[in-house]
Protein chains: 2
Amino acid sequence: MSAIQKNVEQTSESYSASFTQGHLALPPAKKYLVLTCMDARIDPARAFGIELGDAHVIRNAGASAVDALRSIVISEQLLGTNEIVLVKHTGCGMLTFKNEDAYGIVEKNLGEEAVAELTAKNLDFLPFPELEKAVEDDVAFLKASKLVPDSVTISGWIYEVESGKTRRVV
Amino acid sequence: MSAIQKNVEQTSESYSASFTQGHLALPPAKKYLVLTCMDARIDPARAFGIELGDAHVIRNAGASAVDALRSIVISEQLLGTNEIVLVKHTGCGMLTFKNEDAYGIVEKNLGEEAVAELTAKNLDFLPFPELEKAVEDDVAFLKASKLVPDSVTISGWIYEVESGKTRRVV
């Protein structure tokens with residue numbers, strides 16, 4: 001067993017020993033979803049004030065709304081959420097490369113078969129060159145989608161990994 | 001401003017006031033990633049023992065490895081992680097419907113144009129009928145992918161929303 005796996009088992013014992021929230025319902029109590037980045041420096045519950053049971057939290061590389069669309073539709077249409085809080089962040093890895101760089105790294109590290117798998121899936125890594133514009137573009141994408149009705153409230157934010165602050169963009 | 005948005009602003013003030021971790025590096029310090037569900041009843045940091053800066057956290061509807069592949073490749077190839085902890089959970093919404101049900105709900109709620117958008121994107125909601133098998137299938141998918149080299153350690157787990165426990169499946 002790896003040290004990481006041992007940590008999961010030990011945390012399970014301590015967390016469950018004092019766990020008192022086994023009664024929470026499946027649909028988010030406050031009917032909203034937070035979409036943010038997978039970045040290790042973000043703790044959405046603490047930084048954005050999410051109590052257990054209150055909101056769906058979707059996380060992927062770059063907080064991409066395009067990538068998250070499947071989860072967003074499930075959240076809204078099957079589980080009743082009607083507000084989206086989209087949060088990208090300073091220092092994001094997605095600002096540092098282009099698709100061709102990522103394809104090149106995959107080829108160098110994993111070989112031609114891996115690149116063939118990327119190509120077969122037509123995989124777009126969805127990097128972006130400018131942070132505020134990426135927030136605006138993703139909010140615009142959601143507002144334009146027929147899968148997100150006008151009744152859904154959408155806001156776009158930037159979390160500052162240097163200060164712990166979250167500021168509104170749109 | 002909505003109550004949700006006001007909560008984000010107020011939390012930003014209090015969280016940043018005592019924030020002391022602005023120095024953390026972009027690559028996860030413990031070189032692993034956690035893939036889990038967007039479900040509102042899961043707090044990965046507390047339930048799985050993740051300290052700020054230690055791990056990427058990817059979340060989507062159902063903790064789908066297929067859906068998360070873009071983020072996983074970025075995490076490993078660009079940011080140096082080499083271990084995946086995949087956690088699905090009891091009471092998951094993805095156990096409760098099939099693709100045709102979701103398409104039907106979208107058509108009823110949002111109309112034909114929305115269904116056309118789903119169809120154009122060939123969107124698979126990736127539901128699953130059996131929890132343990134879904135964990136096994138997703139781990140097998142990652143192990144079979146050329147984009148995830150054999151050097152990456154992969155484990156599959158189930159979090160129990162009723163008890164706060166996390167138990168290993170594979």
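All chains are named by letter (A, B, ...) in the order of the sequence lines, taking the proteins before the strands, and each is independently numbered beginning at 1. The model shown is predicted, which means the values in this text are computed figures rather than measured ones.
- At a 4.5 Å heavy-atom cutoff, A:Ala29 makes no contact with chain B through either its backbone or its side chain.
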Worked check of side-chain contact (heavy atoms from CB on, under 4.5 Å) between B:Glu76 and A:Asn109: CA-CA 10 Å; B:Glu76 290 174 0; A:Asn109 290 350; over 6 Å; no
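- Contact count against chain B (heavy-atom pairs under 4.5 Å) is highest for A:Ala47 among A:Ala47, A:Pro28, A:Ser155.
- In this structure, B:Glu130 places its CD atom where more than 12 heavy-atom neighbours from other residues, nucleotides or ligands lie under 6.0 Å away.
- Nearest heavy-atom pair, A:Ser16 versus B:Ser163, reported as atom, atom and distance to 0.1 Å: CB-O, 3.2 Å.
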B:Thr166/A:Thr11 under side-chain contact (heavy atoms from CB on, under 4.5 Å): CA gap, chis, key distance, verdict: CA-CA 9 Å; B:Thr166 307; A:Thr11 306; over 6 Å; no
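- Under the 4.5 Å side-chain heavy-atom criterion for grouping Ile, Leu, Val, Met, Phe, Trp and Tyr, A:Val66 is connected to A:Val139 within one hydrophobic cluster.
- Following chains of ILVMFWY side-chain contacts shorter than 4.5 Å, one can reach B:Leu35 starting from A:Leu35, so the two form part of one hydrophobic cluster.
- Here A:Asp67 is the residue among A:Leu123, A:Val106, A:Asp67 with the most heavy-atom pairs under 4.5 Å with chain B.
- The contact between A:Phe125 and chain B is made by backbone and side chain atoms together, counting heavy-atom distances below 4.5 Å.
- The contact between A:Asp39 and chain B is made by backbone and side chain atoms together, counting heavy-atom distances below 4.5 Å.
- Among A:Gln10, A:His23, A:Glu9, A:Lys30, the residue with the largest count of heavy-atom pairs under 4.5 Å with chain B is A:Glu9.
- Here the side chains of B:Lys165 and A:Phe19 are not in contact, with every heavy-atom distance at 4.5 Å or above.
- A continuous path of hydrophobic side-chain contacts links A:Ile58 to A:Leu86 [ILVMFWY only; heavy atoms under 4.5 Å].
- The neighbour count for B:Glu51 CD, taken as heavy atoms of other residues, nucleotides or ligands under 6.0 Å away, does not exceed 12.
- By the criterion of side-chain heavy atoms lying less than 4.5 angstrom apart, applied directly or through intervening Ile, Leu, Val, Met, Phe, Trp or Tyr residues, A:Val57 is not grouped with A:Ile158; the two fall into different hydrophobic clusters.
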Step-by-step side-chain contact (heavy atoms from CB on, under 4.5 Å) determination, A:Lys121 to B:Leu69: CA-CA 10 Å; A:Lys121 294 180 197 289; B:Leu69 193 60; 3.4 Å; yes
Intermediate values then yes/no, side-chain contact (heavy atoms from CB on, under 4.5 Å), B:Leu110 and A:Gln77: CA-CA 9 Å; B:Leu110 303 177; A:Gln77 296 305 312; 3.5 Å; yes
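- In this structure, the portions of B:Gln5 lying under 4.5 Å from any heavy atom of chain A include both its backbone and its side chain.
- Most heavy-atom pairs under 4.5 Å with chain B: of the set A:Ala102, A:Ser2, A:Pro127, A:Gly111, this distinction falls to A:Ser2.
- Using a distance-only test at 3.5 Å, with no hydrogens or angles considered, a donor-acceptor pair links the side chain of A:Arg70 to the main chain of B:Ala61.
- Interface summary for chain B: among A:Val85, A:Leu79, A:Leu118, A:Val148, the most heavy-atom pairs under 4.5 angstrom belong to A:Leu118.
- No more than 12 heavy atoms of other residues, nucleotides or ligands lie within 6.0 Å of CD in B:Glu112, so this atom counts as exposed by the packing criterion.
- Top candidate by heavy-atom pairs under 4.5 Å with chain B, chosen from A:Ile74, A:Leu24, A:Asn60, is A:Ile74.
- For A:Ser75, the parts lying under 4.5 angstrom from a heavy atom of chain B are both the backbone and the side chain.
- A:Leu26 touches chain B through backbone and side chain together, each having a heavy atom under 4.5 Å away.
- Contacts of B:Ser145 with chain A are made by both backbone and side-chain atoms, with heavy-atom separations under 4.5 Å.
- For A:Ile72, no part lies near chain B; criterion is any non-hydrogen pair under 4.5 Å.
- Neither the backbone nor the side chain of A:Arg167 comes within less than 4.5 Å of any heavy atom of chain B.
- Dense packing is recorded around CD of B:Glu100, with more than 12 heavy atoms of other residues, nucleotides or ligands lying under 6.0 Å away.
- Within the 3.5 Å criterion, the main-chain N or O of A:Leu52 finds no donor-acceptor partner in the side chain of B:Asp43.
- Looking at B:Ala25, only its backbone comes within 4.5 Å of chain A, counting heavy atoms on both sides.
- Counting non-hydrogen atoms of neighbouring residues, nucleotides and ligands closer than 6.0 angstrom, the CD atom of A:Gln21 exceeds 12 such neighbours.
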Salt bridge (charged side-chain N to carboxylate O under 4.0 Å, His left out) evaluation trace for A:Glu117 with B:Lys146: CA-CA 7 Å; A:Glu117 193 173 324; B:Lys146 300 291 182 197; over 6 Å; no
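- Annotation for A:Arg168: atom CZ counts as buried by contact number, over 12 foreign heavy atoms lying within 6.0 Å.
- Taking CD1 from B:Ile4 and OG1 from A:Thr153, the interatomic distance works out to 9.0 Å, rounded to the nearest 0.5 Å.
- Both B:Ile105 and B:Leu95 are part of a single hydrophobic cluster, where members link through side-chain heavy atoms under 4.5 Å apart.
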